[in-house]
There are 2 protein chains.
Amino acid sequence: MRDRKSGYGGCPEGEGCPVEFTLDVIGGKWKGVLLYHLIDGTKRFNEFRKICPSITQRMLTLQLRELEEDGVIHREVYQQVPPKVEYSLTEFGRTLEPIILQMKQWGETYKKKARSLIFNGPGQSS
Amino acid sequence: MRDRKSGYGGCPEGEGCPVEFTLDVIGGKWKGVLLYHLIDGTKRFNEFRKICPSITQRMLTLQLRELEEDGVIHREVYQQVPPKVEYSLTEFGRTLEPIILQMKQWGETYKKKARSLIFNGPGQSS
DNA sequence: CCGCATCCGTTTTGATACTG
DNA sequence: CAGTATCAAAACGGATGCGG
């Protein structure tokens, strides 16, 4: 996933699945979620932990690093006695907003439906 | 990822990040790509392998199984002497098309830009 | 206290070979 | 053709410890 820059695996070179490229940026285990929460404003490290308690510090650090590496988020370090690091979307990162928001909308719409589908079945009436 | 049905990790229950839900469906390592290629028609197992050579049979099987389990694709098995299995989007799966297509469009738009950013740097005038 | 790196056990992914 | 089995590698989760 990190070696994206050294050739895409999925499709013949020169082509390269656009979807693969996009998923490499937002498809990481938590990246989409982190980006989603960055849409409505700057966040600190521990804020993410509060919002998404099941992310480990380790993964949070790694995912944020990768997002930073990809140029979609900015990492502002305040050299203070109580350390403070703020993460925000870059210009480039904002171009992902439509996708993230659409994913949010789809999730909202189909989470309930999916549950009823999964648990009750689509055409499972008697 | 598979135990999605038994509680979301990211957010407090009752809430549940919609984005997380969506990414659970399309965010798997190859799921988005597979779905993307299913948009323009039914595909057979080996067709996927040709389109995305770097997917191993193992992962292809696993990812397709999960997509099937999530109800977004349909697996049609033809009981023939040369086995034949066709994968296609379900009704539910088609609801993901807008997202996939938007990811495709974003990828197309920014793949080149990202490359120039990554390889040449933002302010590196030729 | 906040952010992050390291060690270790568990889970996921990859590579290869084999089967109906 | 469409998978399955097996083993090795990498990613991930949890706990701990360090620097500021």
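Order of the sequence lines sets the chain letters (A, B, ...), proteins ahead of strands, with each chain counted from 1. Basis for what follows: all heavy atoms, side chains included, without hydrogens, waters or symmetry-related copies.
Applying the side-chain hydrogen bond (donor to acceptor under 3.5 Å, both in side chains) criterion to Ser88(B), with sequence neighbours excluded, gives no partner residue. Partners of Glu86(B) according to the side-chain hydrogen bond (donor to acceptor under 3.5 Å, both in side chains) rule, which considers only residues two or more places apart in sequence or in another chain, are Tyr78(B). Applying the salt bridge (charged side-chain N to carboxylate O under 4.0 Å, His left out) test to Glu47(A) and every residue at least two apart in sequence or in another chain returns nothing. In this structure, Arg58(A) has no side-chain hydrogen bond (donor to acceptor under 3.5 Å, both in side chains) partners at least two apart in sequence or on a different chain. Considering only residues two or more places apart in sequence or on other chains, Glu76(B) meets the side-chain hydrogen bond (donor to acceptor under 3.5 Å, both in side chains) condition with His74(B). For Glu108(B), the salt bridge (charged side-chain N to carboxylate O under 4.0 Å, His left out) partners are Lys104(B), not counting sequence neighbours. With sequence neighbours excluded, no residue forms a salt bridge (charged side-chain N to carboxylate O under 4.0 Å, His left out) with Arg44(A).
Using a 4.0 Å cut-off on heavy atoms, the residues of residues 78-88 of chain B that approach DNA chain C are Pro83(B), listed by number.
Put simply, CD on Glu47(A) is 18 Å from P on dC1(C), counting in whole angstrom units. Rounded to a whole Å, the CE atom of Met59(B) is 19 Å from the P atom of dA2(D). When rounded to the nearest whole Å, the span between CG of Leu64(B) and P of dA2(D) equals 11 Å. The distance between atom CD1 of Ile55(B) and atom P of dG3(D), rounded to the nearest whole Å, is 13 Å. Between the CZ atom of Phe48(A) and the P atom of dC2(C) there is a distance of 16 Å, rounded to whole Å. Rounded to whole Å, the distance from CZ on Arg44(A) to P on dC1(C) is 14 Å. Separating the CD atom of Gln63(A) from the C1' atom of dA11(D) is a distance of 10 Å, rounded to the nearest angstrom. To the nearest angstrom, C1' of dG3(C) lies 13 Å from CD of Glu68(A).
Toward the 5′ end of DNA chain D lies the nearest nucleotide of Arg49(B), the other residue of the pair Arg49(B) and Thr56(A) mapping further downstream.
Within the 4.5 Å cutoff, no side-chain heavy atoms of Phe45(B) are placed close to those of Lys84(B).
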What N/O pairs connect the protein and nucleotides 4-10 of chain D at under 3.5 Å? Give each pair on its own line.
residue : atom : partner  : partner atom : Å
dT4(D)  : OP1  : Arg65(B) : NH2          : 3.2
dT4(D)  : OP2  : Arg65(B) : NH2          : 3.4

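Around the CD atom of Glu68(A), the shell of radius 6.0 Å holds more than 12 heavy atoms that belong to other residues, nucleotides or ligands.
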